[in-house]
Amino acid sequence: MRTLAQRYRQAHREAWWAIALTLAYFAWWYLSAYGLAPQSAQHLTLYWGLPLWFLMACVIGPILFCLLCAAMVKWLYKPMSLELEDHPQAANDNASADKQSKEVL
C-alpha cells in the first residue's frame, strides 16, 4: 500500500513527464515547420509528394510522439489506486467482495 505522499509524488512525476513530452512535441513541430521550410518555392524538394517540412512536422512528428507517449505510459507511469484506504483489513474485505461479485457475473 502506498501512502498518500508517495501517490502525490508519483502523480507529479507523471505530470512533469507529460508536460516535457508536450513541450518536446511543440519544439519538434516548430523547428520542423519553420526550420526546414525552403526560402523560396524554386528550392522546394518533395518527398512522396510532400515538402520536407510538412512531412517532418505533420506526418513523422505525430507518429513519433504517439510512440513516445505509448512508451512513456508503459515504462514511466505506474498503476495506483486513487481511493483512500483506512485499514488494510478493509481493503482485503473489499478485494474479496469484488472477487465474489465477479464470480457471480
Side-chain angles (χ1 to χ4, degrees):
M1 181 171 78
R2 301 182 86 157
T3 65
L4 193 58
Q6 289 172 327
R7 287 190 241 174
Y8 279 135
R9 200 174 5 246
Q10 179 64 28
H12 283 120
R13 186 178 307 122
E14 292 172 1
W16 281 113
W17 275 105
I19 289 170
L21 190 64
T22 302
L23 293 174
Y25 178 67
F26 178 75
W28 172 279
W29 186 90
Y30 191 86
L31 293 173
S32 296
Y34 293 107
L36 297 176
Q39 297 297 326
S40 66
Q42 290 92 10
H43 300 297
L44 185 63
T45 305
L46 299 179
Y47 300 90
W48 298 292
L50 300 171
L52 180 61
W53 67 268
F54 183 83
L55 184 68
M56 295 298 286
C58 299
V59 177
I60 294 175
I63 293 170
L64 174 69
F65 279 89
C66 282
L67 293 174
L68 288 174
C69 183
M72 181 176 72
V73 168
K74 183 173 182 162
W75 289 303
L76 296 176
Y77 284 25
K78 295 180 181 159
M80 65 178 154
S81 174
L82 297 178
E83 296 189 20
L84 296 175
E85 297 174 359
D86 294 333
H87 303 287
Q89 182 60 33
N92 290 337
D93 292 341
N94 289 339
S96 63
D98 288 341
K99 184 178 179 183
Q100 289 174 354
S101 67
K102 288 179 183 176
E103 289 174 358
V104 172
L105 296 176

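This chain uses plain numbering: 1 for the first residue, then up along the sequence. This one's a predicted model, so the numbers in the text were calculated from it and none came from an experiment. Computed from heavy atoms alone, side chains included, the values below leave out hydrogens, waters and symmetry copies.
Defined by atom type and a distance below 3.5 Å, a donor-acceptor pair is missing between the side-chain atoms of Gln10 and Arg7.
Grouping the Ile, Leu, Val, Met, Phe, Trp and Tyr side chains by contacts below 4.5 angstrom, directly or via other members, places Leu76 apart from Met80.
Summarising the local packing, OH of Tyr77 is surrounded by more than 12 heavy atoms from other residues, nucleotides or ligands at distances under 6.0 Å.
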List the atom pairs, donor and acceptor, that lie under 3.5 Å between side-chain atoms in residues 25-32 and the rest of the protein, sequence neighbours left out.
from  : atom 1 : to    : atom 2 : distance (Å)
Trp28 : NE1    : Met56 : O      : 2.9
Ser32 : OG     : Trp28 : O      : 2.8

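Every residue meeting the side-chain contact (heavy atoms from CB on, under 4.5 Å) condition with Ile19, not counting sequence neighbours, appears here in chain and number order: Trp16, Leu23. Listed by chain and residue number, Ile63 satisfy the side-chain contact (heavy atoms from CB on, under 4.5 Å) test with Leu67 (two or more places apart in sequence, or in another chain).
For the residue pair Pro62 and Ala57, the shortest heavy atom distance occurs at CD-O, 3.6 Å.
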